Amino acid sequence: MSRSSEHGGGSSDDRPRYRYDAALATTIEARWQDYWEDHHTFWAPNPVGPLAEGWAEAAGRPKLYVLDMFPYPSGAGLHVGHPLGYIGTDVYARYWRMRGRNVLHAMGYDAFGLPAEQYAVQTGQHPRVTTEANIANMRRQLRALGLGHDPRRGVATTDVPYYRWTQWIFLQIFGSWYDPDADRARPVTDLVAEFEAGTRAPVGPANPDGTPWAELDPVTRRRVVDGYRLAYREEATVNWCPALGTVLANEEVTAEGRSERGNHPVFRRPLTQWVLAITAYADRLIADLDLVDWPEPIKVMQRNWIGRSVGANVRFPVVGHAGLDLEVFTTRPDTLFGATYMVVAPEHPIVDAIVPPEWPDAILTDAVADVPAAWRGIFGTDVGPPEAVRRYREFAAGKSELERQAEGRVKTGVFTGAFARNPTSGDAIPIFIADYVLMGYGTGAIMAVPAHDQRDFEFAREFDLPIRCVVAPDDDWLAERGLDRAAPAGEWPEAFVGAGAAVASANVGVSLDGLATDDAKRVIGEWLAREGLGTPTVTYKLRDWLFSRQRYWGEPFPIVYDDDGLPVALPAAMLPVELPELHDFAPRVLDEDDHSTDPEPPLARVADWVEVELDLGDGPRRYRRETNTMPQWAGSCWYYLRYLDPTNDDALVDPDVERYWMQSPDHTGGVDLYVGGVEHAVLHLLYARFWHKVLHDLGHVSTPEPFARLFNQGYIQAHAFTDARGVYVEAAEVEERDGRFFLGEDEVQREYGKMGKSLRNVVTPDDMYRDYGADTLRLYEMFMGPLDASRPWSTADVAGVHRFLQRLWRNVVDEQTGETIVDDEPADDETRRVLHRTIAAVDADMADMKFNTAIARLFECNNRLTQVVGERGRAPREVVEPLVLMLAPLGPHIAEELWGRLGHDGSCAFVPFPAADPAFLVVDEVEVAVQVNGKVRAQVAVATGADDAAHEGAARADARVAAALAGVMVRKVVVVPGRIVNFVVG
RNA sequence: GCCCGAGUGGUGGAACGGCAGACACGGCGGACUCAAAAUCCGCUGCCCGCAAGGGCGUGUGGGUUCGAAUCCCACCUCGGGCACCA
């Protein structure tokens, strides 16, 4: 690239030998990076344990835990967009180190995952080999940035000693159940003790009859207990992605029904999988958002994802099936009288029990005289209910989410041939299956109230079902739609979903008529409870976390199966369960549209690993290992705890170490600052909070939340260019001329987007190190805008901050001789005022992470210094030293170098940050703007601290003000001392 | 559709309800130089004006206020999230 010769050729003959250019910067940077490493500069002492070296000095300092989101070591390496947050946390960490904190800042690697495995499938190279190579490259790139990380704590999730503890945490989750009375997780040993003592009845699908514990056989007992565990196996409809050869969590599937990673088709199919009971924590995950200092949009996204809704479960008796009820969840029990039909999800198990062989010929409701053709299904009217239902189920299951959207959500469905009885009115109402009701939410069945629910309204229109108004719409609603109050609901253009007074809602036992919606909900709720028809219920959109993947490159489960096919936890002493060697990493299925073949995890093929003989306490026995692996999120759920005590073999973290770093007088505990991208708003951040709460409940960590403060950094984006064919061209070779863009002589179009290979607009840190040095890159990234904003990369603008560093260097070091040009003569008062104003501003900006304005202030101060040097030929030490120290968090290498050249030994990383002298912050006189009717007419000088009258007097004394006020009546004078005087005239 | 967030010079961006555009990039002019680069100095929101000066300006339209980029309402545009969740 040509740029390197322009900027990088520091050794060319006509250049001063000691000019701060890329070559010199790189030399300095390498030297200081070695120094920091050799001198353990950024080793953060733990209070106890093997990492306690240096604790004696650190003990008196308050701690600060600064954390970056765990990166995935990609084979592509870093581009300049990646380290934005890492630089931000490093500046912040270095600043607080100088402010006397014991700062923990480390960087590890989230190294399990699909890309390494897919690469292994293609090349036959073991994922561990590629993963370690990628980590080594990323470490090199990050080291060259001069990040002040504690290198001892840089764990990778793929390290066996690390995933040993990931497996250990899984065992804790498997070994726990959620006690709703205590509202926390407890060990299952407590649960069994309660069963044995008879203080708790064993309930659940494994014990449908409610047989007492003492009478259950051992296998049934285990099944009952397994049903309580926070980690359980369940046959559930899962997101199966053939192209990735694995199932995915709901969070990993996009709205289009494709995989978030790779954008492959995802199919829904039943499969037995490991699931973690995150929904048990739903309320606490919502409530504890109030404890943390996070961006409000992230909290909103988490609340929405959890999707708590309050309502009631109501049972509708199925006509002709004594004792069989259809249970629905509704948030509007007040509209129960308006339920004119019911819908169950196509997969709902009740369907098989209620579908009659033939369409009913009896007239069961006033509204329906015969079974209309439309009700009989969309595949012809000549088949009976079982066949119609079967065909509809096939139709619904075969549709991808994408197809459902493409159909514009026209409601489809089939009448099951069965009826239920509305418990309020006694009416028999038809039961449909339709795919707009989802099996996974609520009870998988609804009561349809078409007058007051838009979806039900559309379905009722489609199928000609009765629409009965039971909540009176307000006048505005009717007027906006040109409706008369007398108009029947069937003539409305849409459902009335608002609150209002209940109407036509009375039977012999209860009347809601005239009640407001909230009161009606309460009254009907009481009636339902009294009649034994329903119970108040809270439902969540959040589902339990599907936790197994059919992959090789992940943590094996510490689980084996015995002869009964039931899972048995390995004792902690048998950890780690290491991944076996494998030569063929490919999952069995790769065709992305093959949704019928069963998944087969690669580990299942390693027969001599799967089949094991173990002594788990009752003598040696044969067991089969679990062959699924954990999802990538597992390792990243708790790395911030392992950073604290990365070498501990006895615990995932020593309790004293954990308390030291996680507890704080400033908040309710957790990492003091966590910086990362907004894309983890619901995935990583929700999972990590969940694990943390489990560990908290079980006494392994001391704080309720993992991350006290969260900060979302923005993204660096970049221009990209397309030629006449619409093909992306190499952005670095495009030139701008007169506001247009050319590649050679051909004009190209400018676009804007993420930096990446496909847009051919990647700029790498290595490019920047070569052309400017790491300090310039750091400074530019911090200067280009506020840390939380996204902004476009502009290599041309990098020169600005590079020149600043050159100027500062030149103010301290003679470019020809390398001698410092600093002297001990005092600075003039104005320069001192500039310096101390700078210190005050930079100090405040640093603490507030406003690095862009902090840098601007440093520019100003250095510009003043340049002027002084120009006049005196020397730079006053009293200005230079604070300036260098203020620069140190931002451009640490150059600051260290200058600090050394100023005669100091060692690193300035722990030298106190400069403090502003208040004496130089006060000024005798301030410029005050004078307004007339809000328009600025003049500036006048006023003594600091002058009273209102003095301000007004000074303003009136100004000729322009006097002219503006001549001949008009001053009605009011507003004085804001030191800022403004405003004459209101007229 | 619903929920967030953001719209300021040619560009990136500053601005406790109080002088809009700090700082930087780019541009223009000057000094130095045989020349160029580098460096240093000055100017640089738009319009009118020789100038002094004046007018207009923070997506659009209203409002609150002595005073609004900032607060409120409506709308437009862009970015992000969710999307048949009963």
Side-chain angles (χ1 to χ4, degrees), chain A residues 6 14-16 19 21 255 295-301 303-305 307-309 311 328-332 335 343 401 404-405 409 411 434-438 440-449 452-456 458-459 539-543 678-679 681-682 712 714-715 717 736 739 780 783-786 788-801 803-804 806-807 810 815 841 850 852-860 863 866-867 870 927-939 960 971-986:
Chain A
E6 288 169 31
D14 54 340
R15 292 220 164 189
R19 168 161 296 172
D21 57 16
E296 197 54 37
I298 301 286
K299 293 188 180 185
V300 168
M301 281 161 74
R303 286 193 198 99
N304 289 347
W305 189 263
R308 184 178 200 269
S309 64
V328 302
F329 172 70
T330 177
T331 56
R332 292 294 302 270
T335 62
V343 185
E401 295 289 333
R404 289 191 190 189
Q405 293 203 338
R409 288 186 190 162
K411 296 287 182 291
D435 63 4
Y436 83 92
V437 173
L438 311 172
Y441 185 77
T443 63
I446 62 156
M447 64 174 204
V449 185
H452 306 293
D453 181 285
Q454 186 59 24
R455 294 151 303 184
D456 298 343
E458 287 163 15
F459 190 88
T539 298
Y540 305 91
K541 212 176 96 178
L542 178 72
R543 313 290 162 78
V678 69
E679 71 272 19
V682 290
N712 291 121
Y715 293 95
Q717 298 186 293
E736 180 175 357
Y780 173 63
F783 181 61
M784 60 196 293
D788 57 359
S790 294
R791 50 317 231 326
W793 178 264
S794 169
T795 298
D797 291 0
V798 177
V801 290
R803 280 203 286 266
F804 159 72
Q806 278 183 333
R807 274 197 293 269
R810 210 163 30 233
E815 289 190 326
K850 290 160 78 174
N852 56 329
T853 50
I855 293 167
R857 300 288 87 80
L858 294 179
F859 272 116
E860 287 173 330
N863 287 347
T866 302
Q867 212 177 320
E927 286 281 304
V928 171
V930 183
Q931 298 180 332
V932 177
N933 278 353
K935 285 200 180 298
V936 178
R937 294 296 166 188
Q939 319 280 332
R960 284 160 299 183
R971 307 207 306 185
K972 187 174 174 185
V973 181
V974 179
V975 177
V976 181
R979 290 195 180 275
I980 208 155
V981 178
N982 188 13
F983 292 96
V984 185
V985 303

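Residue numbers begin at 1 in each chain, while the letters A, B, ... track the order of the sequences. On a predicted model such as this, the values are computed, not experimentally measured, just so you know.
- Within the nucleic acid shown, A:Pro786 comes within 4.0 Å of sugar-phosphate atoms alone, with no base atom in reach, counting heavy atoms only.
- Proximity of a side-chain donor or acceptor of A:Asn933 to a complementary backbone N or O of A:Val985 within less than 3.5 Å is detected.
- At the phosphate of B:A86, OP1 or OP2 sits under 4.0 Å from a side-chain N or O atom of A:Ser309.
- Between the A:Asn982 side chain and the A:Val974 main chain, no donor and acceptor come within less than 3.5 Å of each other.
- The residue A:Thr866 sits apart from the nucleic acid: no heavy atom pair falls under 4.0 Å.
- Phosphate proximity of B:C40 to A:Arg810: present, with a side-chain N or O under 4.0 Å from OP1 or OP2.
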Identify the pairs formed between an N or O of the protein and an N or O of nucleotides 65-67 of chain B at a distance under 3.5 Å, and give each distance.
{"from": "B:C66", "atom 1": "O2'", "to": "A:Asn982", "atom 2": "ND2", "distance (Å)": "3.3"}
{"from": "B:C66", "atom 1": "O2", "to": "A:Asn982", "atom 2": "ND2", "distance (Å)": "2.7"}

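- Between the side chains of A:Ser309 and A:Tyr441, at least one donor N or O lies within less than 3.5 Å of an accepting N or O.
- At the heavy-atom level, A:Val936 lies under 4.0 Å from the strands shown only through sugar-phosphate atoms.
- Spacing between atom CE of A:Met301 and atom P of B:G81 amounts to 7 Å, rounded to whole angstrom units.
- Taking the six-membered ring for Trp and the full ring otherwise, the centers of A:Tyr715 and A:Trp793 sit at least 6.0 Å from each other.
- For the pair A:Lys411 and A:Tyr436, the cation-pi test (distance below 6.0 Å, angle within 45°) is passed.
- For the pair A:Ile980 CD1 and B:A68 P, the computed distance is 11 Å after rounding to whole Å.
- B:C84 and B:G1: their C1' atoms are spaced 12 Å apart (whole Å).
- Rounded to an integer number of Å, the gap from A:Met784 CE to B:C25 C1' is 12 Å.
- Protein atom CZ of A:Arg960 is 14 Å distant from nucleotide atom C1' of B:G54, rounded to whole Å.
- As judged by a 4.0 angstrom heavy-atom cut-off over every strand, A:Val328 is placed among residues making no nucleic acid contact.
- If you check every strand for non-hydrogen atoms under 4.0 Å, A:Phe329 touches a base.
- Counting non-hydrogen atoms under 4.0 angstrom, A:Thr331 reaches the backbone sugars and phosphates but no base.
- With B:C56, B:A86, B:C3 as the candidates, the nucleotide lying closest to the side chain of A:Asn304 is B:C3.
- Between A:Arg803 and B:C25, a side-chain N or O to OP1/OP2 separation shorter than 4.0 Å is present.
- The shortest distance between the side-chain N/O atoms of A:Asn863 and the OP1/OP2 oxygens of B:C40 is not below 4.0 Å.
- When atom types are taken as modelled, the side chain of A:Arg810 and the backbone of A:Thr866 share no donor-acceptor pair closer than 3.5 angstrom.
- Note on A:Arg543: a base of the nucleic acid sits closer than 4.0 angstrom, heavy atoms only.
- For B:C23, the base has no donor-acceptor partner in the side chain of A:Glu860 [N/O atoms by modelled type, under 3.5 angstrom].
- A straight line from CZ of A:Phe804 to P of B:A24 spans 10 Å, rounded to a whole angstrom.
- Looking at heavy-atom distances under 4.0 Å, A:Arg979 makes contact with a base.
- Here A:Lys299 does not reach the OP1 or OP2 of B:C3: none of its side-chain N or O atoms lies under 4.0 Å away.
- We find that CD of A:Glu458 is positioned 14 Å from P of B:G1, with the value rounded to whole Å.
- Residue-environment remark: CZ (A:Arg971) stays at or below the threshold of 12 foreign heavy atoms within 6.0 Å.
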